[in-house]
Structure formats: C-alpha cells, structure tokens
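Given the structure is predicted, the values throughout are model-derived calculations rather than measurements. Both ligands and their constituent atoms are indexed starting at 1 by order of listing.
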Amino acid sequence: MKRSLELVSNSLAVASAVPAVPLLSPRPPAWVSSLLDDDCSHTQDSHEHGAVRVSEGGRFALLSTAVPEATSLSTQAFIEAVAHTYRVLWRELSLLRRAPLRVWNFLPDIHGPMGTVGDRYMAFNVGRFDGYSDWLGARGDFGHVVPTSSGVGITGHALWVHLLACDTPGISIENPRQSPSYRYTSRYGPRPPCFARATSFDSTLLIGGTASILGEESRHHDDVDAQTRETLRNISAVIQAAGGLSDRPLAVLRDVRVHVVAAEYAPAVKSILEELAPELTSVEFVQAELCRKELLVEIEGVASLS
Ligand code: 3EB
C-alpha cells in the first residue's frame, strides 16, 4: 500500500501529468456564464418562467430546465417528457425573441434499458425528434435549423437540458467526415439524434460534443489514444468547414471540456491535446458516461475564427 502511494506522489511530481477529473455536474461549462456576464450592460437577470429558468445577459440567454424523476418514468412517459421539454424550451425562445446556438443534454442512467426502443439515450432521441418535428413542421428536415449540442450521462435521477440563445441566429455547421446526425440510420436507435456539429456566430464557433465517429460509425473501440486523435480530426474538420485556418485548424481552439468515461484515461488525452492543440487556453476534464458504450472520450469546445 505504502509503495503504491509513493508511486502516485512521484508521478504527480512530473509536470502536472495527472489532471483533476471531477464527476460531471449537469451544468454548461464556465465560458457560458462569462458570455452572459461580459455582454451585460446592466446586471444579469435571472427569473423562472414555468419550468424554465431564464438567465439573460445582453444579447444572450441561457434557458435551463429539468425533468426531476426521469429515471422513474416508463419508456413512453420518458419520451413524452423529453418531447415536452423541447417544445417548452422552443416556445420560451420565441417569447424571448432569441435564436438557439447550443444545447447541453444531461441524461441520468443513460444506458438504462428502455424496452424495444433500446437504451435511455435512444429513447431520448425519440423524444427530441418528436419535439423538434412539432416545432419544425416538416418531419425530418433538420438541416441548417437545429443548433449544435451534446448528450452525455449524468449521475442522479434528473434529466437536464440547457439552451444557449442569442438575439441573432447562428449558422449551423456540419462535418464532412461525419454523417449529419439527423440522417443516421436506425443502427443507433429508432430515431436519429438531431443536432449540428457546430454553430457559428460573430467570429465564434461553438463545437458540440465530438467523438470518435466516422460517418455514423464508432471507431477504435477500446483504444482511448486512437479515439482522441479521431475526435481531434473531427474537430479540425468542423473548424475547417466553418472557414477557420486551414493549415492547423486546432490552433484556433480556445476552451474545451473533455469527457472521459474513466478518470484513468485523462492523462493520455491530456498529452495528445498538448501535442496537437498547445494553444488551448482552458481544458476542463470531467468524468461521465457517453451516449454509446464503446465511446471512451468526447470533446466539446469553443474556437475563435477571427
Ligand atoms: C454522435 O453522434 C455522438 O445527442 O446531442 C455528440 C453531440 C454526440 C451531440 C447529442 C451526441 C449528441 O456524434 C455524440
């Protein structure tokens, strides 16, 4: 026991090799509050409207809502609760006269079984699809309309959805290396997820959850190194697609949140980030379950296109 403790403290002494990896909390990353604060001519206003908490700061607003006992719901009730959540958020958006930029979805018991639908993430996708379909009218035509997002696991029983919005619409960006999420086949669930790979506004690019997926297929099962490199190729491609620097797209990446399924993966991901994206200003590691069991790492972030 003593021996292994010594080993741990020795490795800690080597140039910050071991990052802290807290369990994910169901909240957007810190840059979101800075965005609301910075763009504020007066103090940030926060109020409740029905089930939605609205925080407004200048041109931006963050809409947050939860389904408290989501894990107790039947498959059908859960799907309906997700669809309802999306309808409520989008109704609130139009009341506020704002356009969606970015969604964070935090799912409790993300791989819990949900009958013939599959797991809870797949059931979530059915509900999100239904909610978006009602809002968009034309079923399935989500291109250039849905914002970028992430969908990750969270401990506890509540489902949380946060929506960042702006007074001017963003531009949805797709990744040529990946199928648009809303065109996934039924291989990963009866209804596809609905999100853009990134949303740009002004000269900022919000990059949604990005993992080791090529086309629609998960790559490099059981290899966190290869998954991280594949993920960073996807992030490069989406920055390029948005018109970012083409020689080394990762140089414009600013803040990232890195989700790892197990804390022990963090040092490997950290050293690849130091190799390929040394300009990063802030890296937050969190431990979370991801939407497909074979995915070990997922990275989201902000890039500066100017
Ligand atoms: C994927 O399909 C898997 O469900 O909102 C990335 C971004 C992922 C968003 C979501 C899921 C979601 O790329 C990971």
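Of the heavy atoms in Ser181, none comes closer than 4.0 Å to ligand 1. Contacts of Glu298 with ligand 1, taken as heavy-atom pairs under 4.0 Å, involve the side chain alone. Neither the backbone nor the side chain of His259 comes within contact range of ligand 1; no heavy atom lies under 4.0 Å. At a 4.0 Å heavy-atom cut-off, ligand 1 does not touch Thr210 at all. The part of Ser150 lying near ligand 1 is the backbone, judged by heavy-atom distances below 4.0 Å.
Between the CG atom in Leu159 and the CZ atom in Arg120 there is a gap of 9.5 Å [rounded to 0.5 Å].
Under a hydrophobic clustering in which Ile, Leu, Val, Met, Phe, Trp and Tyr are joined whenever their side-chain heavy atoms come within less than 4.5 Å, directly or via other members, Ile207 and Val269 fall into the same cluster. Cluster annotation: Leu89 is connected to Leu107 through the hydrophobic network of ILVMFWY side chains, with a link wherever side-chain heavy atoms come within less than 4.5 Å.
Given atom 12 (C) of ligand 1, the protein heavy atom at minimum distance is Phe195 CE2, 3.3 Å.
Look at Arg197 and you'll find a heavy atom under 4.0 Å from some atom of ligand 1. At least one heavy atom of Cys291 sits less than 4.0 Å from an atom of ligand 1. Heavy-atom separations between Arg128 and ligand 1 include at least one value shorter than 4.0 Å.
Here the shortest heavy-atom distance to atom 2 (O) of ligand 1, taken over Trp104, Phe124, Tyr184, Tyr121, belongs to Tyr184.
By the 6.0 Å and 45° rule, Arg102 stacks over the aromatic ring of Trp104. Taking the centre and axis of the six-membered ring of Tyr188, the NZ or CZ atom of Arg292 falls inside the cone set by 45° and 6.0 Å.
Aromatic rings from Phe129 and Phe142 are positioned such that their centres are separated by under 6.0 Å.
Taking the charged nitrogens against the carboxylate oxygens, Lys270 and Glu275 have no contact shorter than 4.0 Å, which rules out a salt bridge.
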